[in-house]
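In what follows, a single structure is set out as structure tokens and then discussed.
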Amino acid sequence: MTQAELIMALPEGRLPPSLMQVNAADLLLLFGAGLLAAALLALLAMPFLARRPSRRALLRATRGMPPQERMLAIGRLLGHLPDELRAMAYGSAPPLSPEAVERIALKARRARR
């Protein structure tokens, strides 16, 4: 028995004929539900698809910090503190320029890979 025969066999008043036809309002409702579902999925996926700032940008963001705190922040960013910056971190060496510190940190990161 096909689906059409099954529907025809149902008693009158059991299933309205308008329920079996898809009209423009139904299609519009389905389209709107699809858009809402897509928007929800996009919002849920957004944290995973966002770009992280580069290491260079993260290192530049530490420029305004005091020297010892900056060395600690650089150590956290890199996962280690380069040997050239350790004396500065403990206060036994004079502070270097921000550009020199960034250059040393970026060079040390490349060398450790």
Side-chain angles (χ1 to χ4, degrees):
M1 182 179 269
T2 66
Q3 185 180 7
E5 292 172 349
L6 181 64
I7 291 172
M8 294 300 274
L10 288 175
E12 195 66 33
R14 186 85 175 206
L15 192 61
S18 62
L19 187 63
M20 297 309 300
Q21 298 172 354
V22 180
N23 56 20
D26 294 335
L27 292 175
L28 189 60
L29 180 69
L30 287 173
F31 181 71
L35 284 179
L36 286 176
L40 180 64
L41 285 175
L43 285 174
L44 290 175
M46 198 174 297
F48 300 108
L49 300 175
R51 291 187 67 139
R52 290 186 53 192
S54 67
R55 285 209 192 275
R56 187 178 304 271
L58 291 172
L59 287 171
R60 270 196 196 131
T62 63
R63 279 191 179 182
M65 295 179 172
Q68 291 179 337
E69 288 180 26
R70 185 173 188 211
M71 293 303 110
L72 180 63
I74 289 173
R76 285 182 183 153
L77 284 173
L78 298 177
H80 72 286
L81 192 60
D83 295 332
E84 297 90 358
L85 299 177
R86 287 190 184 188
M88 192 172 137
Y90 292 109
S92 61
L96 299 172
S97 69
E99 295 82 17
V101 170
E102 290 169 17
R103 197 174 325 110
I104 291 170
L106 289 172
K107 183 181 78 174
R109 181 64 182 169
R110 276 184 253 128
R112 254 197 136 159
R113 284 187 180 176

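Note that the numbering runs from 1 along the sequence shown for the chain. For clarity, every value in this text was computed on a predicted model and none was experimentally measured.
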P95 versus M88, closest heavy-atom pair with distance: CA-SD, 3.7 Å
Separation of M71 CE from Y90 OH (nearest 0.5 Å): 12.5 Å
Validation row: R60, E102 side chains within 4.5 angstrom (heavy atoms): yes
Approximate separation, where rounding is to 0.5 Å, of L78 CG and I74 CD1: 7.0 Å
For M1 against E5, the heavy-atom pair lying closest together: CA-OE1, 3.4 Å
R63 atom CZ: more than 12 heavy-atom contacts under 6.0 Å: yes
Inter-residue atom distance L85.CG - H80.NE2, 0.5 Å rounding: 9.0 Å
Check: P98 main-chain N/O paired with R103 side-chain donor or acceptor under 3.5 Å: no
Euclidean distance, N23 CG relative to L29 CG, rounded to 0.5 Å: 10.0 Å
Distance-minimising heavy-atom pair for T62 and R70: OG1-NE, 2.9 Å
CG on L77 to CG on L58, rounded to 0.5 Å: 5.5 Å
Heavy-atom pair with the smallest gap, counting every atom of P82 and A105: CG-CA, 4.3 Å
Transitive ILVMFWY cluster of L44, excluding itself - 4.5 Å side-chain cut-off: L40
L35: hydrophobic cluster co-members (side-chain, 4.5 Å): F31
Minimum heavy-atom distance R56-L106, with the two atoms named: NH1-CD1, 3.3 Å
Note, L72 side chain near L81 side chain (heavy atom, < 4.5 Å): no
